[in-house]
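In this text, all values refer to a predicted model and were calculated from it rather than measured experimentally. In what follows, every chain begins at residue 1, and chains take the letters A, B, ... in the order their sequences are listed.
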Amino acid sequence: MTETEETGVVAGTTDESAAPLLRVRGLVRHFPITKGLLKRQVGAVQAVDGIDFEVRPGETLGVVGESGCGKSTMGRLITRLDEPTGGTIEFEGRDITHLPPGKLRPMRRDVQMIFQDPYGSLNPRHTIGGIVGTPFRLQGVEPEGGLKKEVQRLLELVGLSPEHYNRYPHEFSGGQRQRIGIARALALKPKLVVADEPVSALDVSIQAQVVNLMDDLQDELGLTYVIIAHDLSVIRHVSDRIAVMYLGKIVELADRKSLYEAPMHPYTKALLSAVPVPDPKRRTQRDRILLKGDVPSPIDPPSGCRFRTRCWKATEVCATTEPPLVALRTGHEVACHHPENAPDGARDDEPAKTA
Amino acid sequence: MTDFPDSTAGHRAGPSVPDTAADGPPPAAPPADPADLTRTGAAVGEPAPAGSKAPTAFLEVRDLKVHFPTDDGIVKSVDGLSFSLEKGRTLGIVGESGSGKSVTSLAIMGLHRASRQQRSKVDMSGEIWLDGKELVGADPDEVRRLRGREMAMIFQDPLSALHPYYTVGSQIVEAYRVHHAVDKKTARKRAVEMLDRVGIPQPDKRVDDHPHQFSGGMRQRAMIAMALVNNPELLIADEPTTALDVTVQAQILDLIRDLQKEFGSAVVIITHDLGVVAELADQLLVMYGGRCIERGPAEKVFSEPQHPYTWGLLGSMPRIDREQTDRLIPVKGSPPSLINVPSGCAFNPRCPYADVPEDDLTRTVRPELRQVDHGGTPADEGVAGGGGHFAACHMAPEERARIWTEEIAPKL
Ligand SMILES: Nc1ncnc2c1ncn2[C@@H]1O[C@H](COP(=O)(O)OP(=O)(O)OP(=O)(O)O)[C@@H](O)[C@H]1O
Ligand SMILES: Nc1ncnc2c1ncn2[C@@H]1O[C@H](COP(=O)(O)OP(=O)(O)O)[C@@H](O)[C@H]1O
Ligand code: SF4
Ligand code: SF4
Ligand SMILES: [Mg+2]
Ligand SMILES: [Mg+2]
């Protein structure tokens, strides 16, 4: 049931000297689909299917992709809230892939998660003080100066008032609840914060408040972020580097500038061209790539390149050979036989019969 | 919330409202004071106030108010909204959640009074003119006949409009047969044609699928097919792409644009995403706290926005089409409660310029919409349409122009 097949060789990824904070190799998560009383496995949702990436200390890695492509699953895997089917996860050089819960404890302090839904992720029966203080209790940590004082300091840090200590989540707006979630995530001074759609449930004016807050906290506390989002404008604003996912794979991984100015993967190009731009004057001058159809099912993904059913550049090789994720330029990795803004890898291939 | 079950299952009006209208006091001019409105509850069903003339615009909304009395107080979801729209044009309504966008669209569709689940009472006043007919005071049955034929709506969540037990095809067939006396076979042909038109592959097969067999994007298309099956002249799209991925969103926006070109309908697109309206709208209306705070040609509102809240929206948004900015410029605080709307300008607790107008005007007097490009004449609420650019702010137009060009625009 486990498929730990390594996809692609990551050729000379970077010249960054710093050791990565997090290193992920061949990460796989398949959710089995079972049938009948005997729970016979009849298939699997290939939610994450062999991904490699690193997160460097102090940076923000953005992760984008359409709904269902495996972003949240990836986030839950690297925070060890979910058990991978295959691959390895190293945190500060240490393999944490299959650490049992007891041994995970120190790592749980260092890696924290912020969730999308500021309503669902806070227990309505607990006070704000109780919620933000939970990580201390779970870890058996007694903060200097006492728990209450520390929690109040955290509330102030995220722009709430220390007086909010005894209030309940329902008394707060969406943006304020997201601040509470951030305060809780920061309680134990984590090194890595994984934020899954931290602003997508918020109104635009409030989104900006939270984005700026996360930015300030990163500077102040030297945090490293993995920020998952589907909004390409938000991702561009917050990220140093960006991974683009499609159907359980990373198809492109590059620094912000290269990715937005010269995307190499056709899917990235299509995604960027689809972003609505708040400028009515520009709508006539844009050449938009309209993708056909929908994302295929992750239960039965297309052979070869998973994007080939919607790709306008697909040729025969795309159906037979999965393109590995390789660095075509320093710091710019892409998985495509016929990349944009780079030399073609299979120029003389026959055009695909369908698509 | 859907048109479809309503039109097939037969219509029953909300419990109290029509009665009030029938036995209520004789018609009076629209109450100036909202307290009045609650007491009489009579605005609904009244004939249009004397002196109001049928407009020339295809759709015209005049001083629309939709208030919900609740245990906590009166929710003034829409509190004096006017606009107009011609056929073949698109109006974008933007605003944050709770600013009254959906309540406005349901009011136009006559769904506040029609919805059977609606237990709460609703007080509506003002006028909604569609193609020369006034709808607020009209017989609900009359409005129901218009719905689905002359006007149709697409919702954010297609599952709220599509019934899970019936095939997609049969629901489109029903929607068609309500307004057309044709046999099932003809209607089915029409359904397949519509599914094809909205880009469903193999429409003759997929017509027999149930909604859950469709992907999110396909369901949205199916709902659009259902909304358009009777060639409505007014299409209201309430957050039609909010639940969709960008690539699918682009497909749907393209589809709406094409269909409008083909049929020349009037389109109202409601969204919180300034990018989406910029893609479609000719006219733009910005709502805040149940009222319009700025309205004008889309290009003007984007290039020379006049209201501090509009500036706030633009500053809050990271923009993919511009140089990377270092920081976003958020609006402080959060949107107002519609039970306790701040006095004066509803935006004043969040406005960085609230102290610019003298004598605390901003906190005591509610600013009315005034035309920006014509020396600040008040918006004539009767003929609210046209190409004028209006904003509701006490600051002098010159002051706002200066702040925009010197302080805001350079940071965006
Ligand atoms: N517990 C589970 N059991 C079975 N399938 C699952 C489970 N969790 C996720 N999946 C499936 O795995 C795939 C990836 O899901 P994931 O939640 O990671 O997507 P995502 O990229 O975060 O999407 P979104 O943008 O909608 O949040 C989807 O097809 C999803 O239905
Ligand atoms: N049936 C109702 N009863 C009471 N309040 C309502 C009702 N429907 C809507 N509201 C309130 O009206 C306001 C505007 O809602 P809505 O138009 O849905 O906002 P949006 O701009 O997000 O579409 C909100 O405060 C909402 O809670
Ligand atoms: S490998 Fe082929 S199908 Fe895949 S993205 Fe590249 S060109 Fe398109
Ligand atoms: S009226 Fe006053 S509070 Fe309202 S937008 Fe203008 S300056 Fe700001
Ligand atoms: Mg997710
Ligand atoms: Mg709404």
Need one label for [X]: side chain, backbone, both or neither, based on atoms under 4.5 Å from any heavy atom in chain A.
| X | result |
| --- | --- |
| Arg257(B) | side chain |
| Asp321(B) | both |
| Gln251(B) | both |
| Val301(B) | neither |

I'd like to verify something: which residue of [options] has the highest number of heavy-atom pairs under 4.5 Å with chain A?
| options | answer |
| --- | --- |
| Ala281(B), Gly275(B), Ser215(B) | Gly275(B) |
| Arg322(B), Gln324(B), Arg319(B) | Gln324(B) |
| Val248(B), Thr325(B), Leu314(B) | Thr325(B) |
| Thr247(B), Thr241(B), Leu274(B), Val276(B) | Thr247(B) |

Open item on the list: Once you measure the plane-to-plane angle for His164(A) and Phe172(A), does it fall in the parallel (<30°), tilted (30-60°) or perpendicular (>60°) bin?
Closed with: perpendicular
TODO: Describe, in one word, how the ring planes of Phe307(A) and His265(A) are oriented to each other, choosing from parallel (under 30°), tilted (30 to 60°) and perpendicular (over 60°).
DONE: tilted
Interchain contact, [X] with chain B, by part (heavy-atom threshold 4.5 Å):
| X | answer |
| --- | --- |
| Val211(A) | side chain |
| Leu291(A) | both |
| Asp215(A) | side chain |
| Gln209(A) | both |

Thinking salt bridges, do [X] and [Y] make one under a 4.0 Å N-O criterion?
| X | Y | value |
| --- | --- | --- |
| Arg306(A) | Asp49(A) | yes |
| Arg197(B) | Glu262(B) | yes |
| Asp231(A) | Arg236(A) | no |
| Arg256(A) | Glu59(A) | no |

TODO: Please say which of Glu252(A), Glu261(A), Glu340(A) ends up in a salt bridge (Lys or Arg N to Asp or Glu O under 4.0 Å) with Lys269(A).
DONE: Glu340(A)
Open item on the list: With a 6.0 Å cut-off (strictly less than), is the heavy-atom count around CG of Asp219(A), excluding the residue itself, greater than 12?
Closed with: yes
